[in-house]
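Below you'll find the structure, written out as C-alpha cells, and then a few comments.
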Protein chains: 2
Amino acid sequence: MLHDYFKGFGSLPHDEMDFLLSQCTTKELKKGGVLIPPNHHVDSIYFLESGYLHYFTYTELGERVTLKVVSPNICWTILDSFMNQTPAEDECVALTDVRFCELKRSNYFAIKDKSKSLSDFINRIIEQILSLKVIEANNKSKMTVEERYLDLLQKNPEMVREVPISIIASLIGTSRETLHRIRRRLTAA
Amino acid sequence: MLHDYFKGFGSLPHDEMDFLLSQCTTKELKKGGVLIPPNHHVDSIYFLESGYLHYFTYTELGERVTLKVVSPNICWTILDSFMNQTPAEDECVALTDVRFCELKRSNYFAIKDKSKSLSDFINRIIEQILSLKVIEANNKSKMTVEERYLDLLQKNPEMVREVPISIIASLIGTSRETLHRIRRRLTAA
DNA sequence: TTGTTAGCGTGTCATATGACACATTTTTTT
DNA sequence: AAAAAAATGTGTCATATGACACGCTAACAA
C-alpha cells in the first residue's frame, strides 16, 4: 500500500524502492489508543493504511479543536516537532482501530543521504504536501461552513460516516449543533 | 537583503551563494500594479524587499477574499501554479510601491541541479515554509477573529498600519464593520 | 444482562455578525 | 485648487450562530 503511494510520485529503481520500504515498520493501534501524547517530541512520520486518527489541540479556554482527521493513504506527522525536535502541545489518538507504517527520523535522514535520486524523490513528496496544504488553507478561507461540509462529503464520504459528528463539526470550524442544522437543511432539500 | 534571508538557512560556500544570487533579478512595481493577473501561469518565485502585495481570489458569489498579504523579507509564489505549470485563478497586485527579486522557474531548477549542497539548501527552505504554513493554518483554526487581529498587530504592526483595513478584515476572515467594532472595543479598554 | 458512558437529535434564547445605508475623511485625479 | 473617487467610521436591523439544557439511543464495560 505504501509502495503504491510512493509510485504515485514517480518511478524508482527496484533497489532504491526496496531500501525506502525497508526503513518503515508496520504497527497497529486500538481505538482510543494514543499515538502522540501532549508535550511529546514527535520522532516519526506516519503513513496511515487503515482507520482514522484524530489530531487536535486546545484553545486558551480549554476547548478542544480538531486540526485534522488523518485518513488512510496519507503521510502525516507534526512537522514542526519532527523537524526542529521541539515538543508538540497537540495530541493524536486513534478514532478507530488503525494500521500504519512508521518512519523514524534517523531512517528519514538515512534515506535522504543514501542517494541524490532518493533525496529528490523525498523532496518531491514534501513539495506536493506543501502545495496541497496551501490549496487546502486557501479553500478554507473562501468557503462557508456549509460549503466545507459539502466538500468533505464529496471528497471523503467514508470519513464523514466513520468519524463522530462532533469531531467533523470542529474540523470544519463550527459547533456540533450548527452542523446539525446544516444537515437537516440538506436532507430536507 | 536576499543574501541575509538565505544566510538564515545556514552557510554556503561563497561561490555557491553568488551563483544563487546571480539567478535572481531585482524589479519594481508601482502601487496598484498587477504582478499576477487572473488565469495566468505563474513562472517565478518572488522575494519581497519592500512594500506590500495583495494576494486574493473570489468566492462563487463574486466576493473578493484576501488569501495573503505578502510582507517584506518573505519568499512567495502561487506554488501550485509554479510547480504544476497550471493557470492560477487567483490574482496578485501591489498595495504600495514594491521592490522585489524574481527567480524564474528555469533558474530555480538550474540551482537545484547545480550541486547537492545547493539542492539541500533549497529543500531546507521549502521544508521551513511548509512547517510555517502548517503552524499558521493550525493557529487560524484555534483563534477567534479578535485573537487573530491581536496576533497580527503584535507580529506585524507595520502591515496593519500600511494596508487598508478592509483588506486586513478579509485576511483574518471577517467583515470591515466587525473589525471596526473590535478596534473600537480595544481602544476603549 | 445490566449499568454506565459517549454520542446524537432538538428546542430555547442571548448575542455576535453581516448587510445596508449614509456621513465623514482621506486620497487621487483633473 | 477643485472635483471625483476611494476608504473609513458609525448606526440600525434581521439573522445565523453558540451556549445551554434535556431526552434518546447506541456502544461499551462490569
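Here is how names work: the chains are called A, B, and so on, in the same order as the sequence lines, proteins then strands, and each is numbered from 1.
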To the nearest angstrom, how far is B/Arg176 atom CZ from C/dA21 atom P?
13 Å
Neighbour count above 12 (heavy atom, 6.0 Å) for B/Lys7 NZ:
no
Can you work out whether B/Glu63 or B/Lys31 has the more 5'-proximal nearest nucleotide on DNA chain C?
B/Glu63
Using every non-hydrogen atom in the two residues, find where B/Ile111 and B/Leu118 come nearest and quote the distance to one decimal.
O-CB, 3.7 Å
Does C/dC8 have its OP1 or OP2 closer than 4.0 Å to a side-chain nitrogen or oxygen of A/Ser166?
yes
At less than 4.0 Å, is any side-chain N or O atom of A/Thr178 found next to OP1 or OP2 of D/dG18? Yes or no.
yes
Atom CZ of A/Arg185 to atom C1' of C/dG9: distance rounded to whole Å?
16 Å
Could you tell me whether the side chain of B/Arg181 has a donor or acceptor atom within less than 3.5 Å of a complementary atom in the base of C/dG18?
yes
B/Thr26 and B/Glu49 side chains, donor-acceptor separation under 3.5 Å:
no
For B/Phe47 and B/Cys75, work out which heavy atoms get closest and say how close.
CD1-SG, 3.9 Å
If only side-chain N and O atoms of A/Thr174 are considered, is one of them under 4.0 Å from the OP1 or OP2 phosphate oxygen of D/dT17?
no
Should A/Arg183 be listed as having a side-chain N or O under 4.0 Å from OP1 or OP2 of C/dT10?
no
Determine whether any donor atom in the side chain of A/Glu177 lies under 3.5 Å from an acceptor atom in the base of C/dC8, or the reverse, and answer yes or no.
no
Atom pair distance, as rounded to whole Å: CD1 in B/Ile165 and C1' in C/dT27:
15 Å
